[in-house]
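First the structure, in the form of structure tokens, and then the observations on it.
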Amino acid sequence: MSEPAECYAFERVPRAPLPFNVNRRRLFSALFTELEVSAGKNEGGTAYKLADLGVWPDEQLYMLTPVVAAGCQISLQAGLVCGQPAGTEKPSPLFPVDSPALLAFNQFNGQTLLGEAARQLAQQQAWEEAHAFAYVRGLFLWLVLAGVCLPRG
């Protein structure tokens, strides 16, 4: 088993399509998300598959605005930030409350670009901007897979 810190090494998230494995409990939530994406296209937006976010270039991801998914509940339990997407039975652990992920997650407010969240994290952690962006990118993709976050619009 890997070290706990390894589980939260968000800067190591590979560039690949996101591996969505939808179980029965999450089926309706996943379908609703895909319908929201299609509705956005019908309203003049651009439609894309959430799985494709994992292969988007940094320049494109930089301009996304992350937001917590509608109906998702965020809680603290045993030193962990947990998320419970709508339609799920119990919260899932997302990351330790004392990790840099909390600083970045607090920027996922539907108003701050992913790139700006990375720039702020770089300043707060005294990291290079490339490292901070890799970390924020990985965190965002992890939260998309968990059903906690989506790109706004």
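Quick caveat, the model's predicted, so the values are computed rather than measured. Along the sequence shown, residues are numbered consecutively beginning with 1.
- A donor and an acceptor atom, one from each side chain of Gln120 and Gln124, are nowhere located under 3.5 Å apart.
- The aromatic rings of His131 and Trp127 lie perpendicular to each other, with more than 60° between the two planes, well past the 30° mark.
- In this structure, Ile74 and Val81 approach most closely via the heavy-atom pair CG2-CG1, 3.9 Å.
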Inset, instruction - Give the intermediate values and the outcome of side chain to side chain contact (heavy atoms under 4.5 Å, CB included) for residues Asn109 and Val67. - result: CA-CA 5 Å; Asn109 55 20; Val67 64; over 6 Å; no

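- Across every non-hydrogen atom of Phe133 and Ala118, the tightest pair is CA-CB, 3.5 Å.
- Within the model, atoms CG of Leu53 and SG of Cys149 stand 11.5 Å from one another, a figure rounded to the nearest 0.5 Å.
- Side chain of Gln84 to main chain of Thr88: a donor-acceptor pair is present (N/O by atom type, distance under 3.5 Å, no hydrogens or angles).
- Among all heavy-atom pairs drawn from Ser99 and Tyr135, the shortest one is OG-OH, 4.1 Å.
- The side-chain heavy atoms of Leu143 and Leu94, taken from C-beta on, include a pair separated by under 4.5 Å.
- Remark: Gln107 CD to Thr112 OG1 distance equals 5.0 Å, nearest 0.5 Å.
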Inset, instruction - Let me see the working for Phe95 and Trp142 under ring pair (Phe, Tyr, Trp, His ring centres under 6.0 Å), right down to the final yes or no. - result: CA-CA 10 Å; Phe95 52 83; Trp142 163 247; 9.4 Å; no

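- The minimum heavy-atom distance between Arg137 and Leu114, with the atom names listed, is CA-CD2, 4.5 Å.
- Here Lys90 contributes atom NZ and Gln77 contributes atom CD; the two are 10.0 Å apart, rounded to the nearest 0.5 Å.
- Taking CG of Leu150 as the reference point, atom OG1 of Thr65 lies at 12.5 Å (rounded to 0.5 Å).
- Between Ala104 and Leu121 the shortest heavy-atom distance is CB-CD2, 4.3 Å.
- Side-chain contact between Leu80 and Val97 is absent, with no heavy atoms from C-beta onward closer than 4.5 Å.
- Pro85 and Ala146 make their closest contact through CG-O, 3.2 Å (heavy atoms, listed as atom of the first residue, atom of the second, distance).
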Inset, instruction - Test side chain to side chain contact (heavy atoms under 4.5 Å, CB included) on Val148 and Phe108 and set out the steps. - result: CA-CA 11 Å; Val148 171; Phe108 294 179; over 6 Å; no

Inset, instruction - May I have the step-by-step check of side chain to side chain contact (heavy atoms under 4.5 Å, CB included) for Arg119 and Tyr62, ending in yes or no? - result: CA-CA 10 Å; Arg119 191 171 22 255; Tyr62 195 92; 2.5 Å; yes

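- The closest donor-acceptor contact from the side chain of Arg152 to the backbone of Pro66 lies at 3.5 Å or more, if one exists at all.
- With rounding to the nearest 0.5 Å, the separation of CG in Leu113 from CG in Leu61 is 11.5 Å.
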